[in-house]
Amino acid sequence: MVTPAELTAVPLPDELAHIAVARLAYDRLTDLPAAAAANLTVAEFAEWERISHPGRRAEWLAARLCLKSLIRQRTGRNDPRTLHVAKNGRGRPQVVIDGPAAQRYGDCSLTHAAPWAAAAWTDRPTVRLGVDVERISDRLQRVAGSFVAADDVALVPRAPLEQLTVWWCLKEACSKVWGLGLGAGLQEIACRETSPGRHELRRAQGPVLAGWHWRFDGFVMALCLGDASADSEGHQAQR
Ligand SMILES: CC(C)(COP(=O)(O)OP(=O)(O)OC[C@H]1O[C@@H](n2cnc3c(N)ncnc32)[C@H](O)[C@@H]1OP(=O)(O)O)[C@@H](O)C(=O)NCCC(=O)NCCS
């Protein structure tokens, strides 16, 4: 398990008391195989061993260490090998209590942007989460036309690259709530900042999702929340 010093809990407003978010600098992890053996279920360990790219191995593991440490801090559950991060058919992760019954345990979301991995978790089964982290850089300038919408509204003046990164992270986090992955159509999501760092996100006539963003060390992190009817199964049913 990672030490409390390696895990940075993200302070959240009171209205998010049912949510926990943390980030982990994975370049500080020294013995990845030992961390994997101590924290992953047998099936997760086998999946991790099949990843060949070293950077991908590190971020994949770090995201799960971050999530399981967060759950331990929050609940006192101290055997990470009883919690399995499973994926649905579109790649959306969920925590299940390992065993024949595979009982779902709240809702979670994962993200990574070197050197950071981050996770969000809630024990509320009706909440759907999405979290995203991105470095502020000119990378998004080239693809801005594919995700910025004419009705995106910012309340606070920001440097253009920072603003692009805020919208990108919020919309990615929103697509993770829905679980739609590449099918989300980020430009179809309108993002309206309602107070500094607090947003409402909406796609067509769909339900409004709540969003928050934070800036740290040249990165932006965003969190979006919806309810169970907003994930891919519920969302498909509404279209
Ligand atoms: C799925 C997606 C949201 C992941 O985002 P990303 O920026 O590539 O990567 P991140 O590090 O932020 O997130 C990766 C995590 O997302 C999660 N994820 C993958 N598919 C997901 C889905 N359908 N729903 C929710 N979460 C998903 C996984 O847990 C993954 O981590 P893991 O591989 O360690 O398990 C993204 O790939 C995507 O499809 N985005 C839409 C992009 C788009 O529309 N682009 C067009 C303009 S360029």
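Model, not experiment: these values are computed from the prediction. Residue numbers run from 1 in the order of the sequence given.
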Quiz item: Is any side-chain heavy atom of Trp214 less than 4.5 Å from a side-chain heavy atom of Leu223?
Solution: yes
Output for pair (Thr30 OG1, Arg28 CZ), nearest 0.5 Å, gives 12.0 Å
Verdict with reasoning, Val153 to Leu155, per side chain to side chain contact (heavy atoms under 4.5 Å, CB included): CA-CA 7 Å; Val153 176; Leu155 205 60; 5.6 Å; no
Are Leu201 and Val177 side-chain neighbours, meaning at least one heavy-atom pair lies under 4.5 Å?
-> no
Thr41 and Lys68 have their tightest heavy-atom pair at N-NZ, 4.1 Å
Q) Can you hop from Leu164 to Val220 via hydrophobic side chains spaced under 4.5 Å? A) yes
Between the main-chain N or O of Ser109 and the side-chain N or O of Lys176, is there a donor-acceptor pair closer than 3.5 Å?
no
Of all heavy-atom pairs linking Leu29 and Leu65, the shortest is CD1-CD1, 3.7 Å
- [ ] Look only at the side chain of Thr111 and the backbone of Val133, and say whether a donor-acceptor pair between them is shorter than 3.5 Å.
- [x] yes
Looking only at heavy atoms, the pair that brings Leu110 and Ala119 closest together is CD2-CB, 3.8 Å
Heavy-atom nearest pair, Ala154 first then Arg158, reads CB-NH1, 4.2 Å
Rounding to 0.5 Å, atoms CZ (Arg92) and SG (Cys108) come to a distance of 7.0 Å
Exercise for review: Could you label the plane-to-plane angle of the Trp121 and Tyr105 rings as parallel, tilted or perpendicular, counting under 30° as parallel and over 60° as perpendicular?
Suggested key: tilted
Task: Val21-Trp116 co-clustered via ILVMFWY side chain contacts under 4.5 Å - done: yes
Practice problem: With side chain to side chain contact (heavy atoms under 4.5 Å, CB included) as the test, would you mind laying out the steps for Arg203 and Leu180 before giving the verdict? | Solution: CA-CA 13 Å; Arg203 184 186 189 203; Leu180 293 175; 3.4 Å; yes
Output for pair (Asp79 CG, Asn39 CG), nearest 0.5 Å, gives 9.0 Å
| Are Met221 and Ile19 connected, step by step, through hydrophobic side chains (Ile, Leu, Val, Met, Phe, Trp, Tyr) whose heavy atoms are closer than 4.5 Å? | yes
Per side-chain contact (heavy atoms from CB on, under 4.5 Å), Asp107 is matched among Thr126, Val95, Leu129, Asp123 by Leu129
Hits for salt bridge (charged side-chain N to carboxylate O under 4.0 Å, His left out) against Arg56, two or more places apart or cross-chain, chain-then-number order -> Glu59
Verify the cluster assignment for Leu70 and Leu83: are they in a single hydrophobic cluster under the rule of side-chain heavy atoms below 4.5 Å apart? yes
Do Leu61 and Leu40 make a side-chain contact, defined as non-hydrogen atoms from C-beta onward lying under 4.5 Å apart? yes
Quiz item: Which class fits the ring pair Phe219 and Phe216: parallel under 30°, tilted 30 to 60°, perpendicular over 60°?
Solution: parallel
Is there a chain of hydrophobic side chains (I, L, V, M, F, W, Y, each step under 4.5 Å between heavy atoms) that links Val166 to Trp212?
no
When every non-hydrogen atom of Ala117 is compared with those of Ala63, the smallest separation belongs to CB-N, 3.6 Å
One should read off an interatomic distance between Glu193 CD and Trp167 CH2, to the nearest 0.5 angstrom, of 9.0 Å
Sorted by chain and number, sequence neighbours left out, salt bridge (charged side-chain N to carboxylate O under 4.0 Å, His left out) with Arg74 holds for none
Output for pair (Ile71 CD1, Arg77 CZ), nearest 0.5 Å, gives 8.5 Å
Strictly distance-based, threshold 3.5 Å: is any side-chain N or O of Glu44 a donor or acceptor partner for the main-chain N or O of Val85? yes
Q) Is there a donor-acceptor pair closer than 3.5 Å between any side-chain N or O of Trp48 and the backbone N or O of Arg57? A) yes
Output for pair (Thr122 OG1, Arg128 CZ), nearest 0.5 Å, gives 10.0 Å
Within the structure provided, determine whether Trp168 and Arg139 are in side-chain contact (heavy-atom separation under 4.5 Å). yes
Discussion item. For a 4.5 angstrom cut-off between non-hydrogen side-chain atoms, does Leu140 reach Phe147?
Written reply: yes
Could you tell me if the side chain of Leu186 sits less than 4.5 Å from the side chain of Ser146, heavy atoms only?
no
Are the side chains of Arg104 and Pro125 in contact, using a 4.5 Å heavy-atom criterion?
no
In terms of heavy-atom contacts, Phe45 and Ala37 come closest through CE1-N, 3.7 Å
* Asked: Taking Arg135 for the side chain and Ala114 for the main chain, is one N or O donor matched with an acceptor at less than 3.5 Å?
  -> yes
Hey, mind stepping through Ile189 and Leu209 against side chain to side chain contact (heavy atoms under 4.5 Å, CB included) and telling me if it holds?
CA-CA 10 Å; Ile189 302 169; Leu209 302 193; over 6 Å; no
Does any part of the side chain of Cys66, heavy atoms only, come nearer than 4.5 Å to the side chain of Leu7, both counted from C-beta? yes
Which of Arg192, Gln187, Lys171 passes side-chain hydrogen bond (donor to acceptor under 3.5 Å, both in side chains) with Asp152? It is Lys171
side-chain contact (heavy atoms from CB on, under 4.5 Å) filter on Ala102, not counting sequence neighbours, yields none
Is any NZ, NE, NH1 or NH2 atom of the basic residue among Lys87 and Glu47 found under 4.0 Å from an Asp or Glu carboxylate oxygen of the other? no
